[in-house]
Amino acid sequence: MLNQTSFEKGHFVDREMSKAYDPKAIEESIFTTWQKGGHFEQSPSAEDITKSREAGDVSADDPSLNPYVITIPPPNVTGSLHMGHALNNTIQDVLIRKNRMAGRPARWVVGTDHAGIATQNKVEQKLAKEGLTRFDIGREAFIDKCWEWRSEHGSQIINQLKAMGCSCDYDREWFTMDPSYQQAVREVFVEWFNRGLIYRGTRIINWCPRCTTALSDIEVEHEDKPGKLYHVRYPVVSDGGHASEVSTCRSRDLARHATSENHISESSITHNAEAEDIQYITIATTRPETMLGDVAVAVHPEDERYKDLVGKSVLLPLMDKPIPIIADDYVEPDFGTGALKITPAHDANDFEVGERHNLPQVNIFDKEAVVTTEGGAYEGLSREDAREKIVADLQAGGYLVEIEEHPHSVGVCYRCATAIEPWLSEQWFVDMKPLAEPAIEVVRDGQVKFHPKRWENVYFHWMENIRDWCISRQLWWGHRIPVFYCDGCNWTAALKEDLSVCPECAAPVRQDEDVLDTWFSSQIWPFAVLGNTSGTPAHCSRDFARHAASESPSYASQNCNKGDKPFTWFTPELAANYPTNALSTAPDILFLWVARMIMSGLDFVDDIPFHDVIIHPTVFNKEGRRMSKSLGTGVDPLDLMEHYGADGMRFGLMLQVTGVQDMKFDEDKLLSSRNFANKIWNAARFVQMNTDGIQMGDAPPQPEALADRWILSRLAHLVERVTESIDSFAFGEASRDLYGFFWNDFCDWYIELAKGRLNGEPEERAAVQHTLVFVLDNALRLLHPMMPYISEEIWRGLPIHADVSGAEPSLIVAQWPKQEDFATLRDVDAERRIELLKAVVSALRSTRARYQISPRTELEASVKVGKKSDGTLLQELAPQIAQLANASKLQVDVDLAKPAQSAVTVATGLEIYVHLEGLVDFEAEKARLTKERDKTAKELAKFDKKLSNEGFLAKAAPEIIEKDRAKADDLRVALAKLEAQLAEQG
RNA sequence: GGGCGAUUGGCGCAGCGGGAGCGCAGGGCCCUUACAAGGCCAAGGUCACUGGUUCAAAUCCAGUAUCGCCCACCA
């Protein structure tokens, strides 16, 4: 473990690194140094940035004038970190860190959401333990309790982000109930109200009887549940009079049938009905209890079965109330019985039918879904009890014809899973169509891009079919609707400031009791937090703000005037930071939040809130079930960090980010990542132990040796791959490339090759040392966004900072490797040659394993090469091959006789012999060679067939043909050698 | 009812037009002074199915099947 002096520069050599990487030993202190170093708070200078934006091309190349900004999706104050957060915030931190290293002022704005329903539920639960309800303590005291709750629990999730290593700007932590944020929400409401986009209306809305509040359509989740379709017959009365005598008489017969079978055949009813000369109309419903609020029975106008009945009435059973039979296109003749009961107060469709036919609206439920006095004898029953009793009574009365199994989807509250009641009530709505149109346009023309792109279609579909948004909530915790009423003169207005007396008649006014949907306030998050620095939003035009900012930010904020709109939100700071760069989020809040931010951003700031929307996969557990605390299927990221370290968790998550929409979370990947961290740690230990006392700058080495040229070429490749992958949000690809480079290229081959060379001539040793440090340095830079802790810890100890004076060097702000600086290090020739070396080493190792020769036993081996140039090369590399395969007496030549007692391996252009005096099992060798020969022959046949195909030769790309020809030739040579070997063995 | 995604070795996943890869598990050998959270070696797949496009298909198109997600006012 590195000790506390690790911060000193260039003292790699002074410290002992522990044998295994221990995340706990370093994470906290590293995080502290980042924070103390002020690296999280890179606020771009408004003047500089505004200048740069105005100058356009002049400063476009200067990253320091090109800020990189992300506003975090604010987690709920009630929340604690779950896997979705862990994934989402790792993505954002990777982007922020990469861009910060690339020299851009990077700022990740952080904060929490007041989460109206969720928080209110928590506080109510707490009160319930004391035997209290919110009504017992009153609105004001309740809101105080909510603030109290927030100050006790609100920092939890922020601390968890810190544990993950997220480099947010914690100096300014926002809360969606901050006074200035409240004011911003109010501005938005009043603006839309005054423009007529916000209106009040009595509608069927989604009501949660447990939370006792309205919800928007997208806050309702649908679950398929087993249910029943009840067929109920309503007796027809022609004159609006009563058919009760007969019906009562008949009902006893029916009741007997019903109790014995619970299923009454249609024919017997018809028969009896005819006999009694009473007509019935049978409706089908899944919710028999709502019949108490029925005001009509509807049939399709073209339906022959019922044509004659339209205009007549039926007697509503149990309520003894005549209601009309109407005709409406909405009815599907083929569903159920083709007749539909109309309950305008408890079904959105029925409501519309009711409107068309001027029917009354009978609301039979109170806010807790208990039957009201409108429900007659059923008053006071819950909806569940009412259903039970009504079904029993219908059956007893002979009205129940049939009960059919009918699975159907039930809407439930997204916060408490209680079944939603469609309920008629007066609520506030936003007219969405005018807002949606420009928001569709900016995605269509590519100003806002979704990643993966397919989500754009989901967005379009929803936006093009958008419906008005119910924004009022019957809660106490939240942004109170700023509409004031005068009961004296009916004066009403939406106001930015509170008011106590009516401006018309001086009577006392009252404010609307409801609060706003939490998503109403979160939709303005990007511009509210970026533009709202002083507490009161500045109102000035974008052009004015930009101009003023370039002169003097303070002048601008003091002198903003009204621009070309009633007001816009352009403060100088907003002008500098907005639009933000990326928004990363889960698919489930695409509509709830992302779409609405685009709409409100365009409307209030005249600009998109972000350029790129990253929709990351939803995290499921290994069995494909949703991660959920209540189901016990969740995994706690804190536990994972405990086991694998923050870096292990982050990297393990990044490995799993691909273009798919669901991610079955695989903890094995975290284990791999922890092991990966340990591998890097130990590679660094090796470098430390072998670069004792050296000092160097960070200039690239001038490689001469093949191995150095090779690893630098691989590094150059990595720089390109990782940069491009992160920039295109391909996190899985970037992490796999890093993994492969560190583990395979650097550790398995380069370090192994370096071992011998470190004991060589001083110049050789120096070259290796230089290369080791240079490669490790740059690879750590590339790794840093994904694994910030371990990379920082190791990097600080590298002997590259010896010439740095003053500020403490920190990887978090080290320069991101530039592709153009590395381009010259690409070396195709070196890569090909090292492949040859690998082939020889692998062949020798394979033979050793086959004959179970101890690694300590030196092999006696010889390589017969086909080409002279390969011979020269392998002769040069002989010492290293000898070392990697423990084959000291290695002979390489073009013309080399096969030793009598030897095992042979045929590789591309090579025959590799291992001398095995008395050990060779000729039968086994023969079997192996035969297998090898057959495989080669088969492979060759495939290529020969391809190469004799005229279509292929005519149409395939020349380089492909060339490649295949070369491959076929290689195979032919190999085959010949194998044949010869077999012939020799008889 | 509409849309989207997935189907590749025992498990979890990459690859998305030109010679089937990774991690984990399992097998053999090895505590070789960076790392046993490791090294080396070997084994394991007709890339769901059926057609089509193409010189060439795991990869593109169409259809089928299975699983999953989202949207939708058929009671």
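Reminder, nothing fancy here: chain letters follow the sequence lines and each chain counts from 1. All values below were derived from every heavy atom in this structure, side-chain atoms included, with hydrogens, water molecules and symmetry-related copies excluded.
- Residues A/Arg685 and A/Asn682 have side chains that bring a donor and an acceptor to within less than 3.5 angstrom of each other.
- Here A/Lys963 lies out of heavy-atom contact (under 4.0 Å) with every strand.
- Following rounding to the nearest Å, A/Phe676 (CZ) and B/G38 (P) show an atom-to-atom distance of 13 Å.
- Summarising the geometry, the separation between CG on A/Asn682 and P on B/G39 is reported as 10 Å, rounded to the nearest angstrom.
- Contacts with RNA chain B (heavy atom under 4.0 Å) in residues 293-301 of chain A: none are found.
- With sequence neighbours excluded, the residues forming a side-chain contact (heavy atoms from CB on, under 4.5 Å) with A/Lys755 are A/Phe686, A/Ile751, A/Glu752, A/Gln883, listed by chain and number.
- No donor-acceptor pair under 3.5 Å is formed between the side chain of A/Asp737 and the backbone N or O of A/Val722.
- No close placement of the A/Phe665 and A/Phe620 rings is indicated, their centers lying 6.0 Å or farther apart.
- Side chain of A/Asp294 to backbone of A/Ala296: no donor-acceptor contact under 3.5 angstrom is found.
- Comparing A/Ala843 and A/Ile751 against RNA chain B, the residue whose closest nucleotide sits nearer the 5' end is A/Ile751.
- Using cut-offs of 30° and 60° for the angle between ring planes, the A/Phe450 and A/Tyr459 rings count as tilted.
- Between A/Glu835 and A/Lys838, at least one side-chain N (NZ, or NE/NH1/NH2) sits under 4.0 Å from a carboxylate O, which counts as a salt bridge.
- Per the geometry, CG belonging to A/Asn744 stands 9 Å off P belonging to B/C22, to the nearest Å.
- A cation-pi contact, defined as under 6.0 Å to the ring centre and within 45° of the axis, links A/Arg596 to A/Trp469.
- Between the C1' atom of B/A34 and the CG atom of A/Asp748 lies a distance of 12 Å, rounded to the nearest Å.
- Using a 4.0 Å heavy-atom criterion, one finds that A/Ala957 contacts the bases of the nucleic acid, with or without backbone contacts as well.
- When the P atom is compared between B/C11 and B/A25, the two are found 16 Å apart, to the nearest whole Å.
- Between B/G9 and B/G52, the distance separating the two C1' atoms is 29 Å to the nearest Å.
- Distances from the side chain of A/Ser846 to the nucleotides B/G28, B/A37, B/C41 place B/C41 closest.
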Quiz item: Which nucleotides of nucleotides 70-75 of chain B have their base under 4.0 Å from a protein heavy atom (B), which only their sugar-phosphate (S), and which neither (-), written as one string 5' to 3'?
Solution: SS-BBB

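- Residues A/Trp681 and A/Tyr21 place their aromatic rings such that the two centres sit under 6.0 Å apart.
- In this structure, CZ of A/Phe943 is placed 9 Å from C1' of B/G18, rounded to the nearest angstrom.
- Between B/G26 and B/G2, the distance separating the two P atoms is 47 Å to the nearest Å.
- The phosphate of B/G38 has OP1 or OP2 within less than 4.0 Å of a side-chain N or O from A/Asn675.
- For the P atom pair drawn from B/C47 and B/C40, the interatomic distance equals 30 Å after rounding to whole Å.
- Across the protein-nucleic acid pair, A/Lys955 atom NZ and B/A56 atom P stand 9 Å apart, rounded to whole Å.
- Spacing between B/C73 and B/U66 at atom P, rounded to whole Å, works out to 27 Å.
- Nucleotides B/A58 and B/U46 place their P atoms 13 Å apart, quoted to the nearest Å.
- Side chain of A/Arg848 to main chain of A/Thr857: a donor-acceptor pair is present (N/O by atom type, distance under 3.5 Å, no hydrogens or angles).
- Residue contacts shown for A/Ser842 are limited to sugar-phosphate atoms, with no base heavy atom under 4.0 Å away.
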Quiz item: Would A/Arg736 and A/Glu733 count as a salt bridge (Lys or Arg N to Asp or Glu O under 4.0 Å) if you check the C-alpha gap in whole Å, the side-chain angles of each, and the deciding distance to 0.1 Å?
Solution: CA-CA 5 Å; A/Arg736 276 190 301 274; A/Glu733 212 168 306; 5.3 Å; no

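- In this structure, A/Ser854 does not reach the B/C29 phosphate: none of its side-chain N or O atoms is under 4.0 Å from OP1 or OP2.
- Checked by atom type and distance alone, the side chain of A/Arg765 never pairs as donor or acceptor with a backbone atom of A/Arg757 at under 3.5 Å.
- The shortest distance between the side-chain N/O atoms of A/Trp743 and the OP1/OP2 oxygens of B/G39 is below 4.0 Å.
- For the P atom pair drawn from B/G39 and B/U32, the interatomic distance equals 14 Å after rounding to whole Å.
- Side-chain atoms of A/Ser735 come within 3.5 Å of backbone N or O of A/Gly732 as a donor-acceptor pair.
- Comparing atom distances between the A/Arg845 side chain and each of B/C40, B/A34, B/A43 picks out B/C40 as nearest.
- Between the CG atom of A/Asn678 and the P atom of B/C35 there is a distance of 10 Å, rounded to whole Å.
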Could you pull out all donor-acceptor pairs under 3.5 Å where a side-chain atom in residues 647-655 of chain A meets a protein atom, sequence neighbours excluded?
unit_1, atom_1, unit_2, atom_2, d
A/Asp647, OD1, A/Tyr789, N, 3.2
A/Asp647, OD2, A/Tyr789, N, 3.3
A/Asp647, OD2, A/Ile790, N, 2.7
A/Arg650, NE, A/Met786, O, 3.1
A/Arg650, NH1, A/Asp93, OD2, 2.9
A/Arg650, NH1, A/Met164, O, 2.9
A/Arg650, NH2, A/Asp93, OD2, 2.8
A/Arg650, NH2, A/Pro785, O, 2.8

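- Note on A/Lys341 versus A/Asp350: no salt bridge recorded, every NZ/NE/NH1/NH2 to OD/OE distance being 4.0 Å or above.
- The distance from atom CH2 of A/Trp455 to atom P of B/C4 is 12 Å, rounded to the nearest whole Å.
- Not a single donor-acceptor contact under 3.5 angstrom links the side-chain atoms of A/Lys19 to the base of B/C35.
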Quiz item: Can you give the dot-bracket line for RNA chain B, where a pair is Watson-Crick or G-U wobble with both atom distances under 3.5 Å, crossing pairs use [ ], and | marks a partner on another strand?
Solution: (((((((..((((....[..))))..((((.......))))......(((((..]....))))))))))))....

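- Here the separation of B/G10 from B/A43, taken at their C1' atoms, is 13 Å to the nearest Å.
- Among the nucleotides B/C29, B/C35, B/C4, the one closest to the side chain of A/Arg454 is B/C4.
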Practice problem: Begin with the C-alpha distance, continue with both residues' side-chain angles, and end with the deciding distance and a verdict on side-chain contact (heavy atoms from CB on, under 4.5 Å) for A/Ile325 and A/Tyr306. | Solution: CA-CA 9 Å; A/Ile325 300 171; A/Tyr306 303 116; 5.9 Å; no

Provide a list of protein-nucleic acid N or O atom pairs under 3.5 angstrom, restricted to nucleotides 12-16 of chain B.
unit_1, atom_1, unit_2, atom_2, d
B/G12, O2', A/Asp666, OD2, 3.1
B/G12, N2, A/Lys669, NZ, 2.8
B/C13, OP2, A/Lys664, NZ, 3.4
B/A14, OP1, A/Thr658, OG1, 2.5
B/A14, O2', A/Arg736, NE, 3.0
B/A14, O2', A/Arg736, NH1, 3.4
B/A14, O2', A/Arg736, NH2, 2.6

